[in-house]
Amino acid sequence: MTAETAPSSDVHYVLDGGALLHRVVWPSVGSVTFGDLCGLYCDYVTRKYSRPTVVFDGYSNKSSTKQVTQQRRSSGKVGSTVTFTRDMKVTQNKAMFLANTKNKERLLAMISDSLRQCQCVTYHADGDADFLIVKTAIQCAENSTTVLVGDDTDLLVLFLFHSTVSTKDLYFIPEPKSNSFRRRI
């Protein structure tokens, strides 16, 4: 089953918000507002997934299990903290803007608010969201067929460890970034 072939009314989707953040392509700097960006994320999620729940990482907890990974991803990049509103134009490219965890945390909150206005359920973890993503998917699978969408190997490992046979159908569908290389076997 793929996201495109799943029966939309019977399926609940649980999305890794961290992967989602990188999935949507941002238009060129200065051409959109932060509100427009939120709209792009809402359009992407609601067009592609039925009954979506999005689980976001938290960045305020300094003792996160993925703190080292988050620092490694932003190494070499120094993004300035931007105090922004929905009406302000985006003035940095995506990589530079997201290299600053304060920017990322505020943008995730703004995207989350927009998603909730589009009838999507959102959760924010205190730190790393992997366990919360898997736990949410398993809870959803108690009532309906559920698809966990993410591209993190840690999600798959947690998914396999914590899933039970007492749930409805529960699927894991990786959604690699569009520029990633996929080996054919």
Side-chain angles (χ1 to χ4, degrees), residues 2-6 8 11 13-59 66 69-125 128-130 133 147-156 171-184:
T2 66
E4 290 78 26
T5 62
S8 62
V11 178
Y13 289 89
V14 176
L15 309 174
D16 175 353
L20 173 65
L21 188 60
H22 297 285
R23 187 83 48 241
V24 174
V25 177
W26 288 19
S28 59
V29 172
S31 65
V32 295
T33 65
F34 285 97
D36 294 335
L37 280 182
C38 292
L40 291 173
Y41 283 97
C42 289
D43 290 344
Y44 179 86
V45 170
T46 57
R47 185 175 22 88
K48 194 163 182 175
Y49 303 106
S50 63
R51 298 174 49 205
T53 297
V54 183
V55 183
F56 294 103
D57 285 311
Y59 292 90
K66 288 210 174 173
T69 301
Q70 291 168 352
Q71 288 173 344
R72 178 185 51 79
R73 285 182 183 154
S74 65
S75 67
K77 300 175 192 167
V78 179
S80 58
T81 301
V82 179
T83 304
F84 58 92
T85 64
R86 294 183 67 81
D87 298 328
M88 288 178 58
K89 293 268 187 193
V90 176
T91 59
Q92 291 181 348
N93 70 39
K94 183 179 188 178
M96 194 61 78
F97 181 83
L98 295 178
N100 182 301
T101 56
K102 290 183 189 223
N103 293 344
K104 188 184 293 188
E105 189 172 23
R106 287 195 61 226
L107 181 61
L108 289 177
M110 192 179 281
I111 291 170
S112 181
D113 288 343
S114 295
L115 286 168
R116 283 194 296 269
Q117 290 175 7
C118 294
Q119 311 312 310
C120 300
V121 176
T122 65
Y123 297 110
H124 292 265
D128 177 54
D130 290 352
I133 294 166
V147 177
L148 189 160
V149 181
D151 55 7
D152 189 344
T153 306
D154 294 347
L155 288 175
L156 178 59
Y171 299 92
F172 179 86
I173 296 178
E175 186 179 42
K177 295 178 181 104
S178 59
N179 62 352
S180 69
F181 173 74
R182 293 184 93 178
R183 182 177 19 191
R184 296 181 191 259

**Request:** Please list, chain by chain and in numerical order, all residues satisfying ring pair (Phe, Tyr, Trp, His ring centres under 6.0 Å) with Phe172, sequence neighbours excluded.
**Result:** Phe159
**Complete:** The reported gap from CD1 in Ile133 to OH in Tyr123 (rounded to nearest 0.5 angstrom) is 13.0 Å
**Item:** Test side chain to side chain contact (heavy atoms under 4.5 Å, CB included) applied to Asp43 - qualifying residues, sequence neighbours left out
**Value:** none
**Request:** Can you sort out the partners of Thr33 under side chain to side chain donor-acceptor pair (under 3.5 Å), two or more places apart, ordered by chain and number?
**Result:** Asp36
**Message:** Would you say that Leu20 contacts Tyr44 through its side chain, given a criterion of any heavy-atom pair below 4.5 Å between the two side chains?
**Reply:** yes
**side chain to side chain contact (heavy atoms under 4.5 Å, CB included) involving Thr46 - partner list, sequence neighbours excluded** = Cys118, Cys120
**Request:** With side chain to side chain contact (heavy atoms under 4.5 Å, CB included) as the test, would you mind laying out the steps for Leu21 and Tyr41 before giving the verdict?
**Result:** CA-CA 8 Å; Leu21 188 60; Tyr41 283 97; 3.7 Å; yes
**Request:** Evaluate whether atom NZ of Lys102 has more than 12 neighbouring non-hydrogen atoms of other residues, nucleotides or ligands under 6.0 angstrom away.
**Result:** no
**Complete:** dist Ile111:CD1 -> Lys104:NZ (nearest 0.5 Å) comes out at 11.0 Å
**Side chain Ser50, main chain Val11, donor-acceptor under 3.5 Å** = yes
**Message:** I'd like to know whether Thr83 forms a side chain to side chain contact (heavy atoms under 4.5 Å, CB included) with Arg106, so could you lay out the CA-CA distance, the side-chain angles of the two residues, the decisive distance to 0.1 Å, and finally the verdict.
**Reply:** CA-CA 9 Å; Thr83 304; Arg106 287 195 61 226; 4.3 Å; yes
**Request:** Run the numbers on Val90 and Phe34 for side chain to side chain contact (heavy atoms under 4.5 Å, CB included), then give the verdict.
**Result:** CA-CA 6 Å; Val90 176; Phe34 285 97; 4.0 Å; yes
**Fill in**
Smallest heavy-atom separation, Thr85 atom then Met110 atom, equals C-CE, 4.0 Å
**Request:** Please list, chain by chain and in numerical order, all residues satisfying side chain to side chain donor-acceptor pair (under 3.5 Å) with Thr81, sequence neighbours excluded.
**Result:** Asn100
**Prompt:** When you look at Val147 and Tyr49, which way does the side chain to side chain contact (heavy atoms under 4.5 Å, CB included) test go after all the steps?
**Reply:** CA-CA 10 Å; Val147 177; Tyr49 303 106; over 6 Å; no
**Item:** Nearest non-hydrogen partners of His22 and Lys94, listed with the distance
**Value:** O-NZ, 3.2 Å
**Item:** Spacing of OG1 belonging to Thr91 relative to CZ belonging to Phe84, to within rounding of 0.5 Å
**Value:** 10.5 Å
**Item:** Leu107 side, atom CG; Cys38 side, atom SG - distance, nearest 0.5 Å
**Value:** 6.0 Å
**Asn103 side chain to Ser80 backbone, donor-acceptor under 3.5 Å** = yes
**Fill in**
Sequence neighbours excluded, the answer for side chain to side chain donor-acceptor pair (under 3.5 Å) partners of Ser112 is Arg116, Thr122, His124
**Prompt:** Residues two or more places apart in sequence or in another chain: which of them pass side chain to side chain donor-acceptor pair (under 3.5 Å) with Ser28?
**Reply:** Ser31
**Message:** Minimum heavy-atom separation for Pro52 and Leu15, please, with both atom names.
**Reply:** CB-CD1, 4.4 Å
**Prompt:** Considering the options Val54, Leu155, Val55, which one meets the side chain to side chain contact (heavy atoms under 4.5 Å, CB included) requirement together with Val14?
**Reply:** Val55
**Item:** Side-chain donor or acceptor of Asp57 paired with backbone N/O of Gly18 under 3.5 Å
**Value:** no
**Asked** At their closest point, which heavy atom of Leu108 faces which heavy atom of Phe56, and how far apart are they?
**Response** CD2-CD2, 3.5 Å
